[in-house]
Amino acid sequence: MPWSNQNGGGGGPWGGGGGNNQGPWGQGPNRPRGGGGGGNGGPPDLEDIIRRSQDRLRSVMPGGFNGGAFVIVLLVILAFLAFQSVYTVQPDERGVELRFGRPKEEISMPGLHFHFWPFESVEIVKVTEQQQNIGATRGSSSNAGWMLTGDQNIVNVQFSVLFTVTDPKAYLFNLEGPASTLQQVSESAMREVVGRRPAQDIFRDNREGISTEVRNIIQGTMDAYGSGLSINAVPIEDAAPPREVADAFEEVQRAEQDEDRFVEEANQYSNQKLGQARGQAAQVREEASAYKDKVVNEAQGEAQRFVSIYNEYANAPEVTRRRIFLETMETVLKNSRKVILDNKDGVVPYLPLNEMIKPQTNQGGTK
């Protein structure tokens, strides 16, 4: 075989002689398990392999095997400490570091941070808007959300509280359970407001007013607790009567809706008729005002004409008197075919203007 030529004695590929039959671990392949190594082709001794591996590891590590193990353990501990000491704050979060359980003054902003673990720890708080649902859904067997109204009716109010954390340190350490405290305060505030109002307000008439009043009560109470929360809104998602009287409530609401529709139709008809009446009244007033202006202007014109005639008469009485007489007679007799006689002047020449202005045609058919 090829290794026989290279090793000059027929040894194996690990440098063993042809007559020794040594394997890769420097012993015969058939060494007995409990013996000192045999050449009968048996499996290698496991203890001998472990011992040789330890010898090689001691030769590689500084200070021997015990010193190298210490270095490895130290590196592992340091890596673990570094892993525990580095933390990341997301953009929608804030971090509060604690030294021996006492919070630090500064707040960790988004990014990568370092603290000395285990002497220091960190609490992460989400500062974006959060929602907490309160009350049982319609059809649920839970009694959460059942409230008594001011007119002695029972309603199931389901609402939500939208809030943000404005002070992470106060949110973490001023209250033992901020979420449960917020839920209890919200339920108490809603019961207080609903208990002062009729059921119709919570059903549909004044939900917005109730929501605003509840938000103010919750905010005031949480501020008094120093919770570090800002209540943004308290939307009322659903308000339902008990299942036993749900049909009666729906019938009442349908009747009220019909009443509102009839009232709206009556208001529309009233507005239509009122608009027409106002338009007609305005038209009559405008016509009366125009007639008044016309009569006044005509009277003023007649008065001015009379004054001007009087002034002319005062200057030339005879001429003016005769001109007025002729104009009057012309007006009276302009459509009659008469011959006018005058006691003083005799026959007044009469010019037949009507016949003269009639179209006359000649034989050629031209005017």
Side-chain angles (χ1 to χ4, degrees), residues 151 197-213 216 233 235-236 250-367:
D151 54 356
R197 295 173 176 266
Q200 196 60 36
D201 287 353
I202 190 63
F203 282 140
R204 63 186 182 94
D205 285 353
N206 196 14
R207 283 192 178 185
E208 184 176 357
I210 294 175
S211 176
T212 302
E213 188 174 354
N216 294 335
I236 299 175
E250 292 178 359
E251 186 66 26
V252 171
Q253 292 206 359
R254 284 194 294 268
E256 291 178 351
Q257 292 175 0
D258 292 340
E259 178 187 2
D260 294 340
R261 179 169 58 85
F262 294 149
V263 171
E264 186 66 24
E265 292 177 355
N267 290 333
Q268 292 178 358
Y269 180 78
S270 174
N271 294 332
Q272 179 182 2
K273 293 300 182 181
L274 183 60
Q276 293 177 356
R278 288 176 177 173
Q280 294 176 357
Q283 181 180 1
V284 172
R285 286 195 299 269
E286 292 294 331
E287 292 176 354
S289 177
Y291 178 75
K292 181 190 73 172
D293 295 338
K294 175 183 176 183
V295 172
V296 171
N297 292 332
E298 289 179 353
Q300 291 177 351
E302 292 292 333
Q304 292 293 335
R305 188 172 68 86
F306 180 80
V307 172
S308 62
I309 294 174
Y310 175 77
N311 293 332
E312 294 295 332
Y313 178 79
N315 294 329
E318 186 63 29
V319 175
T320 304
R321 186 186 301 113
R322 187 167 184 81
R323 182 174 63 81
I324 292 174
F325 173 75
L326 293 177
E327 290 177 354
T328 303
M329 297 304 296
E330 180 182 1
T331 303
V332 174
L333 302 174
K334 64 180 180 179
N335 294 326
S336 63
R337 305 178 67 84
K338 303 291 184 180
V339 176
I340 302 173
L341 300 177
D342 192 357
N343 295 330
K344 296 181 179 180
D345 297 333
V347 178
V348 178
Y350 173 72
L351 184 62
L353 297 178
N354 295 330
E355 285 77 3
M356 293 179 63
I357 63 177
K358 290 181 180 180
Q360 298 179 358
T361 58
N362 53 18
Q363 295 178 356
T366 60
K367 293 183 180 179

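Count residues from 1 along the sequence. All of these numbers come straight from a predicted model, not from anything done at the bench.
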Problem - Within-4.5 Å side-chain heavy-atom neighbours: Glu213 and Arg197 - result: yes

Exercise for the section: May I ask you to decide whether Arg321 forms a salt bridge with Glu318, counting only side-chain N to carboxylate O separations under 4.0 Å? Expected result: yes

Exercise for the section: Any chance you could lay out the salt bridge (Lys or Arg N to Asp or Glu O under 4.0 Å) test for Arg261 and Glu264, step after step, and finish with the verdict? Expected result: CA-CA 5 Å; Arg261 179 169 58 85; Glu264 186 66 24; over 6 Å; no

Practice task
With rounding to the nearest 0.5 Å, note down the distance linking CD1 in Ile309 to CD in Gln304.
Solution key: 11.5 Å

Fill in the blank from the handout: When rounded to the nearest 0.5 Å, the distance separating CG of Asp260 from CD of Glu256 is 7.0 Å

Exercise for the section: For Arg207 and Ile202, work out which heavy atoms get closest and say how close. Expected result: NE-O, 2.9 Å

Handout entry: Interatomic spacing from CG in Asn206 to CD in Gln200 - rounded to 0.5 Å
Key = 11.0 Å

Handout entry: Euclidean distance, Leu274 CG relative to Asn267 CG, rounded to 0.5 Å
Key = 11.5 Å

Problem - Closest non-hydrogen atom pair between Pro235 and Ser211, with its separation - result: N-OG, 4.0 Å

Exercise for the section: Would you give the length of the straight line joining atom CG of Asp293 to atom CD of Gln300, rounded to the nearest 0.5 angstrom? Expected result: 9.5 Å

Problem - Check: Ala266 main-chain N/O paired with Ser270 side-chain donor or acceptor under 3.5 Å - result: no

Exercise for the section: Could you tell me whether Arg323 and Glu327 have a side-chain N and a carboxylate O separated by less than 4.0 Å? Expected result: yes

Practice task
Taking Ser289 for its side chain and Arg285 for its backbone only, find out whether a donor-acceptor pair lies under 3.5 Å.
Solution key: no

Problem - CD1-OH distance between Ile324 and Tyr313, expressed to the nearest 0.5 angstrom - result: 8.5 Å

Exercise for the section: Give a yes or no on this: more than 12 heavy atoms of other residues, nucleotides or ligands lie within 6.0 Å of atom CZ of Arg278. Expected result: no

